[in-house]
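The block underneath contains the structure these notes are about, expressed in structure tokens.
Residues: numbered from 1 along the sequence shown.
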Amino acid sequence: MCAWYSAPSARGRGAARLAAATLVSGLVAAGVMAAAGPAAAEGAPQSPGGASATLGGLKTYGTAVIHDDGGDHQVSAGLFEMSVDGGGTLQTYCIDMHTPTQRDAKYHETPWSGTSLAANEDAGKIRWILRNSYPQVNDLAALATKAGVKNLTEQDAAAGTQVAIWRYSDGADVEAVGPEAEKLADYLEKSARDLPEPRASLTLDPPAVSGHPGERLGPVTVRTDASSVTLTPPAGAATSGVRIVGKDGKEITSAGNGSQVFFEVPEDTADGAATLTVQASTTVPVGRAFTSDSRSQTQILAGSSESTVSATARASWAAKGAIPALSAAKNCAAGGLDITAANKGDEPFTFELMGARHTVAAGATETVTIPLQEDQAYDFTITGPGGHGQRFTGVLDCETQGSPAGTAPRTLGDPSPATVGLPATDTNLADTGGTDSTPLIAVTGLSLLVLGATALSIVRKKRTIQD
């Protein structure tokens, strides 16, 4: 892991946060379920696109010491390695030093707006460090000369680079143990300049579209660094007649950066939806962030081989009524999840979300921000016309931790599916300030407390009998 600690008190604090987060997550899920009820749901893309990878572990590293109110903590500092889904390898540094990593955790490429970098004024300096140090600069002799040291090993270079990054990503008082690594860290910290966020390796904009049968639904614009991308038509396209076409209406199987693609839906097609998958092979730009929905610490890209990247876009269509196109993105600046609903139908689309009613007029688009707590798992389903739901799941991870989190990975139970959107009732919950779920939230909270007290009583009785 990026950093680990042996202090028992740190593990205790992690366990306390785990219990509190589990209780909060359970209460939120229960309240949401009461407000809306069950619905059939289809999973939505949780990543805007790019590379997805599995974390291996620290491959090249040295040692550093973190100084904080709890004392001095010796940690490992250096480069991680990830295996890309579909082929390829990534090298990363971490940008959340007190959060544990989880071996084999799944990561996906994420814009800075969905990470702690969103509110970090020094994010651009971190990218400068990545571009001007190891492994992007693999001439260690040249790097040593710039840093003013005689010899620089790969371990020193990795440790010094990680330490310099931590000073900007976490605002940490940290130094490398090795004198050469420490001098490199000082050089990188003092030399760093602001650089803009790199663009994604592959995205589709927007990730969801809608319309009527007989129309071309879109456009969906391809954004990529790859020379070309491969388009995989929706499942069942041969029988449904749904085609992926370009601006000229001709069916296409590949596209380039800036290309616009459309879903062509035959006029007699029944109401439904389809998903387009786009894939390419490219090197992921240095400085791209990678996050995990298993609360494994956020990483930032330091190097990439030729790797497989992918993205998806969803199209929905109906003959009449509201036709919402739904997508979601983490918004760390606002501390929540942005859910965007674009209604291309001829009637308003109304749904309830966290006790508030939202109406998107025909032909309009609205973005609703759902406030979430840090590290809170979310699992929302918004139900559209016909009872079909669009499900969004993930974890909000927007902040760096202020104290050591211990050696044990902080994991929560799997989030329960919860529906948060249905055709609206006559009561405007936003005006009343309450929801039908309020009694259930209270009952659930009391039930959890009773269960806890009962369990404690049983344990005490058992100990008395044994004594």
Side-chain angles (χ1 to χ4, degrees), residues 45-56 59-60 79-96 106-118 120-138 143 157-158 161-162 164-165 168-169 188 191-205 207 221-230 255-259 278-292 297-312 329-330 332 397:
Q46 294 305 296
S47 167
S52 296
T54 301
L55 183 69
K59 296 300 181 181
T60 307
L79 272 174
F80 287 88
E81 188 171 286
M82 294 189 188
S83 299
V84 179
D85 299 348
T89 302
L90 305 178
Q91 293 175 300
T92 61
Y93 290 102
C94 84
I95 53 173
D96 189 357
K106 301 294 184 181
Y107 279 79
H108 49 260
E109 189 178 337
T110 305
W112 289 0
S113 60
T115 72
S116 60
L117 297 176
N120 189 334
E121 296 180 352
D122 294 321
K125 293 181 180 179
I126 296 174
R127 189 187 177 202
W128 186 96
I129 292 172
L130 293 166
R131 291 186 62 178
N132 290 274
S133 190
Y134 183 77
Q136 286 299 303
V137 178
N138 55 20
L143 186 58
T161 304
Q162 178 65 90
I165 289 172
Y168 284 123
S169 66
L188 293 172
S191 303
R193 301 292 182 267
D194 282 321
L195 292 179
E197 177 181 2
R199 66 182 186 179
S201 60
L202 174 62
T203 57
L204 296 177
D205 181 28
T221 303
V222 177
R223 309 288 187 193
T224 184
D225 281 340
S227 57
S228 66
V229 300
T230 300
N257 180 48
S259 297
V278 177
Q279 194 172 80
S281 180
T282 187
T283 55
V284 183
V286 170
R288 291 296 291 172
F290 280 79
T291 59
S292 171
Q297 63 185 293
T298 302
Q299 306 281 317
I300 192 162
L301 189 71
S304 168
S305 70
E306 191 79 5
S307 300
T308 300
V309 295
S310 62
T312 58
K330 295 176 185 178
C332 285
D397 185 6

Side-chain donor/acceptor of [X] to backbone N/O of [Y], under 3.5 Å:
| X | Y | answer |
| --- | --- | --- |
| R193 | K125 | no |
| S310 | Q279 | no |
| S259 | N257 | no |
| T115 | W112 | yes |
| T203 | A200 | no |
| Q162 | C94 | yes |
| T224 | A226 | yes |

Could you list the residues that satisfy salt bridge (Lys or Arg N to Asp or Glu O under 4.0 Å) with [X], not counting sequence neighbours?
| X | value |
| --- | --- |
| D85 | none |
| D225 | R199 |
| E197 | R288 |

State, to 0.1 Å, how close [X] and [Y] come at their nearest heavy-atom pair, and which atoms those are.
| X | Y | value |
| --- | --- | --- |
| L204 | T312 | CD1-C, 3.6 Å |
| R223 | G258 | NH1-CA, 4.5 Å |
| D397 | T298 | OD2-OG1, 3.5 Å |
| V309 | S201 | CG1-OG, 3.3 Å |
| T308 | V84 | O-CG1, 3.4 Å |

Any side-chain donor-acceptor pair under 3.5 Å between T291 and T110? yes
From [X] atom [atom1] to [Y] atom [atom2], the distance as rounded to the nearest 0.5 Å:
| X | Y | atom1 | atom2 | answer |
| --- | --- | --- | --- | --- |
| T161 | I129 | OG1 | CD1 | 8.0 Å |
| S304 | E109 | OG | CD | 9.0 Å |
| Q299 | I95 | CD | CD1 | 8.0 Å |
| Y93 | S169 | OH | OG | 12.5 Å |
| L117 | I126 | CG | CD1 | 5.5 Å |
| T92 | Y107 | OG1 | OH | 7.5 Å |

Start with the C-alpha distance between L90 and F290, add both sets of side-chain angles, then the distance that settles side-chain contact (heavy atoms from CB on, under 4.5 Å), and finish with yes or no. CA-CA 10 Å; L90 305 178; F290 280 79; 3.5 Å; yes
